[in-house]
Amino acid sequence: MSARPGSATPIYLDYAATSPVREEVVAEMLGCLGKDGAFANPSSTHALGRAAARIVAQAKVRIAARIGADPDGLVFTSGATEANNLALVGVLGASRARRHLVTTLIEHKSVLDCARALEAKGTEVTYVRCGPDGIVDPDALERAIRPDTALVSVMHVNNETGMIQPIAEIASRCRAREIPLHVDAAQAVGKIPVDLRALGVDLCSLTAHKVGGPKGVGALWIRPGISIEPMLHGGEQQRGLRPGTLPTHQIAGMGKAFELADPEVEGPHLADLRRRLRDALAEIDDVHVNGDFDRGAPHILNVAFPGVDGEALRFALRGLAVSAGSACMADSPEASHVLSTMGLSDAAALASIRFSFGPTTTADEIDTAARLIAEAVPRLRRLALGAPAWCRELRSGRATGPGGLR
Amino acid sequence: MSARPGSATPIYLDYAATSPVREEVVAEMLGCLGKDGAFANPSSTHALGRAAARIVAQAKVRIAARIGADPDGLVFTSGATEANNLALVGVLGASRARRHLVTTLIEHKSVLDCARALEAKGTEVTYVRCGPDGIVDPDALERAIRPDTALVSVMHVNNETGMIQPIAEIASRCRAREIPLHVDAAQAVGKIPVDLRALGVDLCSLTAHKVGGPKGVGALWIRPGISIEPMLHGGEQQRGLRPGTLPTHQIAGMGKAFELADPEVEGPHLADLRRRLRDALAEIDDVHVNGDFDRGAPHILNVAFPGVDGEALRFALRGLAVSAGSACMADSPEASHVLSTMGLSDAAALASIRFSFGPTTTADEIDTAARLIAEAVPRLRRLALGAPAWCRELRSGRATGPGGLR
Amino acid sequence: MEYSFDVERRFDSPAGAGNIEAPREGAVAHGEAEDRSLNVWIRFEVQADGGTIREARFRAFGCPHTIAAASWAAEALRGAPVDALRSFDVDAARRALNVPKEKLGKLLRIEDALRACAERLTEAALEPLEG
Amino acid sequence: MEYSFDVERRFDSPAGAGNIEAPREGAVAHGEAEDRSLNVWIRFEVQADGGTIREARFRAFGCPHTIAAASWAAEALRGAPVDALRSFDVDAARRALNVPKEKLGKLLRIEDALRACAERLTEAALEPLEG
Ligand SMILES: Cc1ncc(COP(=O)(O)O)c(C=O)c1O
Ligand SMILES: Cc1ncc(COP(=O)(O)O)c(C=O)c1O
C-alpha cells in the first residue's frame with residue numbers, strides 16, 4: 001500500500017499549495033526552450049524575437065479568456081505574491097490624496113504583510129474580519145470604506161478554507177463609491193467561474209502554478225484607466241510597469257494551463273471528491289469542517305480534529321501530502337491567522353488540515369486518506385486521554401485583531 | 001542559404017539578449033514538472049515538499065560554486081532586473097543615515113532606472129562616467145564615494161559593449177572605505193571567471209537565461225551581515241527577503257546552467273568567434289569596434305558602421321538576429337546611453353550592432369554574417385552618397401551627463 | 001521538521017503509553033504538566049515498590065518528539081530508583097532520540113510531570129513497607 | 001517595427017536610386033532635406049522637359065520606410081507635371097506602402113527635398129523652350 005506511513009510516495013492532497021504541471025503545458029513550455037523553439041527575447045525586434053512575442057500575445061488571449069477580461073490589461077509577474085504587492089504598493093503609490101486601504105483579516109500573507117509594510121510607511125489600513133464561517137460580510141466591508149480610501153483588496157477564494165468571498169456584492173459597493181477593487185484570484189481560477197467584466201473588478205492577481213501551470217509566473221490584470229506605479233524599474237517591457245526579460249516558456253505554460261483549467265469541466269470532479277472526503281470523515285467523532293461547506297470552492301476541504309496535536313496528526317498522516325494552513329507558513333508553529341480569525345482555538349487551529357484536490361486526484365486516494373485519518377485520530381486521542389479541556393475545545397471566545405496576526 | 005534576408009530562420013547572434021535553454025537544463029527542469037517529478041512546493045513540510053527543497057538546495061550549491069560564494073547567501077528572484085532593484089532599494093532602504101548611491105552611466109537600465117526612482121524618493125545618486133573605451137576608471141569611482149555613501153553598484157561585464165569592468169580594483173577601494181559593493185554579473189557568469197570571495201563583492205545579481213538557463217529566474221547573492229530590506233512582502237520563504245512560491249524547475253534549471261557554463265570550457269570558443277568576426281569586418285572600410293577589443297568579454301562584439309542608418313542596417317541584416325544595444329530598448333529609436341556616454345555620435349550609436357555568441361554558434365555562421373554585412377554596409381553607404389558629415393561621423397564632441405540618459 | 005527513526009518508531013507504537021492497573025489503592029502516583037502556549041500536556045503514572053519504580057506509563061497531547069521522549073522516559077524509569085523521578089534528565093532522552101534542540105521546551109514538561117509524580121509518591125511509596 | 005512586402009522590395013532594390021546623368025548643363029535640379037534629430041537625410045534630382053518631369057532620382061540616409069517612400073516618389077514623379085514636385089503628398093506614398101504613421105515625420109523630408117528641387121527647377125526648366 002503506497003499510502004502507508006513511511007512509504008515512498010505519499011498521496012498528494014495539497015493542490016492548493018501547488019500542482020503538478022499538466023502534460024499539455026509541459027509540451028507548450030518545451031516549444032519555447034531549445035534552439036529550434038521560440039527561445040528568443042520577446043522584446044527583440046528581430047524575427048526570432050517577434051516569434052516569441054506572438055507566443056506571449058497568444059498566452060495573453062488565453063489567460064484573459066479564462067477570467068473574462070481584456071488581454072491588454074495583463075502585466076506578467078513572478079506569481080501572485082508579486083502581483084498582490086504590485087497592486088497594493090502600485091495603487092497606493094500612485095494615489096496622492098487617498099492614503100487608506102481596506103482589506104480583510106483572511107487575505108494571503110502577501111496581501112497582509114504588504115499592507116503592514118504600507119502601514120509602516122504611512123498608509124492607514126482597515127482589516128475587515130470574516131464571520132465564523134470564514135466569509136467576509138459585504139456590509140462590514142462597505143462600512144470600512146472612507147472618503148480617503150484608495151483601494152479595497154479582497155481575495156476571491158480563501159487559500160486555507162476554500163471559502164468563496166462575495167466579490168460581486170463587494171464590487172458593486174466599491175463601484176458605487178468609485179473605489180478601485182483588487183481581487184486575489186489565485187485560488188479561484190479554474191475552480192469557479194471568474195468573469196472580471198461581470199464582477200466589475202479593477203485589478204486581479206493571478207498565478208499559474210495552482211492550475212497545472214509552472215511555478216514562478218503570474219499576472220496582475222489592470223483595468224485601463226487605473227493609476228498604478230511600477231515596483232521594479234528598468235527597461236520598457238510591459239509598458240514599464242514590470243520590466244525584466246519576459247519568460248516566454250513560463251507565460252506560454254500559464255496560457256495553456258489557463259486554457260485547460262475550465263471549472264465547468266473540472267469542477268464537478270473536484271466537488272465529488274470533496275463531498276466524498278467530508279462524508280467519510282463525518283464517521284469520525286468530533287470532526288468539523290472549517291467554514292461553510294456549501295459556500296466553499298470545490299478543491300479545498302479544511303477540517304479541524306480537536307483533541308490531537310497538529311504536528312502529531314500530520315506526522316501520523318505522513319502518507320498524505322497535506323498542509324496545515326498554507327504552505328508559506330508550513331514551518332511555523334503558529335496557528336493559522338485565518339482559522340484564528342474564524343474563532344477556532346489555537347489547539348483546534350493547529351489540529352486542522354487542509355485537504356486539496358486536483359483533476360488527477362482519484363476517489364481511491366480519497367478513500368485511502370479517509371482510512372488513514374480514521375485510524376490516526378482516535379489513536380492520538382486515546383494517547384491524550386485525560387488531557388485538559390483546552391486540548392479539546394474547538395472554538396475560543398477570544399477575538400483576534402490585526403495585532404494578533406504575527 | 002537559410003541566412004538570406006527574408007528566409008525563415010535567421011542566424012542567432014543575440015546571446016547577450018537571451019540564450020536557448022541547454023538540453024541538459026531542459027532535462028533537469030522536466031524532472032520538476034510532472035506528477036512523477038519534484039513538483040511540490042519546496043516550502044511544504046511533507047515528504048514531497050522536502051524532495052523539492054533538496055533540489056533547490058542542490059541548485060544553490062551549483063550556482064554558488066560558479067561564482068565562488070557561499071550558497072546560503074543566495075536569494076532567488078525573477079531575474080537580474082529584480083535582483084538589481086532588490087539590491088539598490090533593499091540596501092538604501094535598510095540604511096538610515098547614509099542616503100547616497102554611487103553607480104555608473106553604463107549600467108543596465110534596471111540599475112539606472114531604479115537609481116532614478118530612488119532619487120525621486122530622496123536618495124542622492126552620483127553617476128560615474130566611463131572612458132571612451134567603455135571602461136570605468138576605479139579612481140574616478142573612488143572620488144565619487146562620500147562619507148554618506150550607502151552603496152556602490154557597478155556591473156561586471158557591460159551588456160552592450162562586453163567591456164569587463166575593473167571590479168577587483170573597485171572592490172578593494174570600497175572595502176577600504178567600508179562601503180558595500182553591488183555587482184551586476186548578469187553578463188559575466190559563464191563568460192569570464194567570477195570569484196566573489198576573491199573579488200570581495202558584497203552583493204551580486206545573477207540571471208539564468210544568459211547562460212543557457214530559463215528566463216524568469218535569477219538571484220541576488222548577499223554577503224552575510226549586509227543589511228537589506230525586502231521589496232516584496234508575504235510569507236516566510238527565503239527568510240522573508242523574497243516571498244513567493246519557489247519555482248523549483250526554474251531554480252533547478254538555473255543550477256544546471258550555472259554548472260555547465262564554465263568559462264574555462266566555453267570561453268576560448270567564444271573568443272575565437274569574436275576575433276573571427278572582428279577580423280572579417282576589418283575588411284570593410286570605416287568600421288569600428290566599440291570599446292577596447294582586448295578588454296572585452298568573449299561573447300560580445302559591438303561594432304559601429306558610420307554612414308548608414310541603424311534601422312536600415314538592421315533591416316538589411318534581417319538574416320541575422322542581432323540587437324542594437326540591448327533588447328530591453330529594442331523598440332526605441334534612441335541611441336544607446338552606453339555608446340553615447342563613450343562619446344559616439346547619435347548616428348554612429350544608432351548604426352552600431354551588438355553581435356553576441358553562444359556555445360553553439362559556429363564559425364560558419366560568423367562567416368555568413370560577415371558576408372551579409374560586407375554586402376549591406378557598402379550598398380547603404382552608396383545609397384547615402386553625398387549625405388552631410390553628421391551622418392558619417394563616429395564621435396561627437398558632446399559630453400553626456402545623467403540628464404541625457406532618457 | 002525532522003524525525004529520527006527512533007522517534008518515528010516510538011510515535012507509531014509508543015511503548016509505555018496508557019494507564020497502570022493499580023494493584024491496590026494508593027500504589028500508583030500520577031503527575032501532570034502542561035504548557036498551553038507550546039500546545040503540550042503530559043501525564044505520568046508510576047508505581048513504586050519500595051525504593052524502586054516497578055512501572056511507569058504516560059499519556060500525552062503533544063508533538064511526535066514529545067510522545068517519543070515520554071515513551072523513552074517510561075521505559076528508562078522502569079526498575080530505576082524512585083529518586084530518578086526527580087533527577088530524570090530529559091535532554092538525555094532528547095539526545096538519544098535525536099530530537100532537535102528547539103523541542104527542548106516541550107520536552108521539559110516531561111521532567112515536570114515526573115517531579116509531580118515524585119511529590120505524590122512520597123506518601124504512596126510508604127505502602128510497600130507496610131504491606 | 002513592421003515592414004510591408006512593398007517596403008521590403010523597394011528597400012532591397014530601390015528603383016530610382018542614384019544620380020541623373022545630366023544631358024547638358026542645368027537640365028537637372030537637385031534638392032535636399034534633413035532632420036538630424038530623426039536621423040534622416042534625402043536628396044532628389046529631377047530632370048524636367050518643359051513642364052514634365054522626365055526623370056527623378058534620390059539618395060537617402062534613412063530608415064527602410066524612408067528609402068522605400070523615396071523610391072516610390074521617384075517612380076511616381078516620372079512623367080508627371082513639374083507642379084507635382086510642390087504638391088507631392090508623401091502620405092499617399094505612406095498609405096500605398098503601408099508605412100506606420102509614426103514614420104510620417106521622416107517621410108515629410110521627402111516633400112521638403114522635392115520642394116527644394118522645384119525651387120531650383122524654375123530656372124532650369126526654361127531650357128527646353130530655348131533648345
Ligand atoms: C490566495 C493566494 N494568493 C497568493 C498566493 C501566492 O502565489 P504565488 O505562489 O504565485 O506567489 C497564493 C499561493 O501561494 C494564494 O493561495
Ligand atoms: C547586465 C544586465 N543586467 C541585468 C539584466 C536583466 O536581466 P533579466 O532579464 O534577468 O531581468 C540584463 C539582461 O537583460 C543584463 O544584461
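Keep in mind the model is a prediction, meaning the values are calculated, not measured. Below, chain A is the first sequence line, B the second, and so on; all start at residue 1.
Contact tally against chain A (heavy-atom pairs below 4.5 Å) for B/Leu33, B/Thr81, B/Thr360, B/Leu86: the top residue is B/Leu33. Chosen from A/Val217, A/Leu232, A/Thr18, the residue pairing most often with chain B at heavy-atom distances under 4.5 Å is A/Leu232. Interface check for chain A: of the options B/Gly244, B/Cys114, B/Ala321, B/Gly79, the most heavy-atom pairs under 4.5 Å are formed by B/Ala321. Of the listed residues (B/Ala38, B/Ala115, B/Pro247), the one with the most heavy-atom contacts under 4.5 Å to chain A is B/Pro247. Chain B forms more heavy-atom pairs under 4.5 Å with one residue of A/Arg22, A/Glu229, A/Met231, A/Glu23 than with any other, namely A/Met231. Chosen from B/Val322, B/Val26, B/Val111, the residue pairing most often with chain A at heavy-atom distances under 4.5 Å is B/Val322.
At a 4.5 Å heavy-atom cutoff, the contact between B/Gln250 and chain A is made by side-chain atoms alone. At a 4.5 Å heavy-atom cutoff, the contact between A/Ser19 and chain B is made by backbone atoms alone. No part of B/Phe76 comes within reach of chain A, as not one of its non-hydrogen atoms sits under 4.5 angstrom from that chain. For a residue to count as touching a neighbouring chain, one of its non-hydrogen atoms must lie under 4.5 Å from one of that chain's; by this rule B/Ile251 does not touch chain A. For B/His233, the parts lying near chain A are the backbone and the side chain together; criterion is any non-hydrogen pair under 4.5 Å.
B/His108 and B/Asn84 share no donor-acceptor pair across their side chains, judged by distance under 3.5 Å alone.
Side-chain atoms of B/Ser336 come within 3.5 Å of backbone N or O of B/Val338 as a donor-acceptor pair. A donor-acceptor pair under 3.5 Å links the side-chain atoms of A/Lys210 to the main chain of A/Ala16, judged by distance alone. With hydrogens and angles ignored, the 3.5 Å screen pairs no side-chain donor or acceptor of A/Glu365 with any backbone N or O of A/Tyr12. At distances below 3.5 Å, not a single donor-acceptor pair connects side-chain atoms of B/Ser205 with backbone N or O atoms of B/Leu220.
Between the CD atom in A/Glu311 and the CG atom in A/Leu350 there is a gap of 10.0 Å [rounded to 0.5 Å].
Remark: B/Glu107 does not engage B/Arg116 in a salt bridge, criterion side-chain N to carboxylate O under 4.0 Å.
Heavy-atom minimum distance, B/Ser78 versus A/Arg242: OG-NH2, 3.0 Å.
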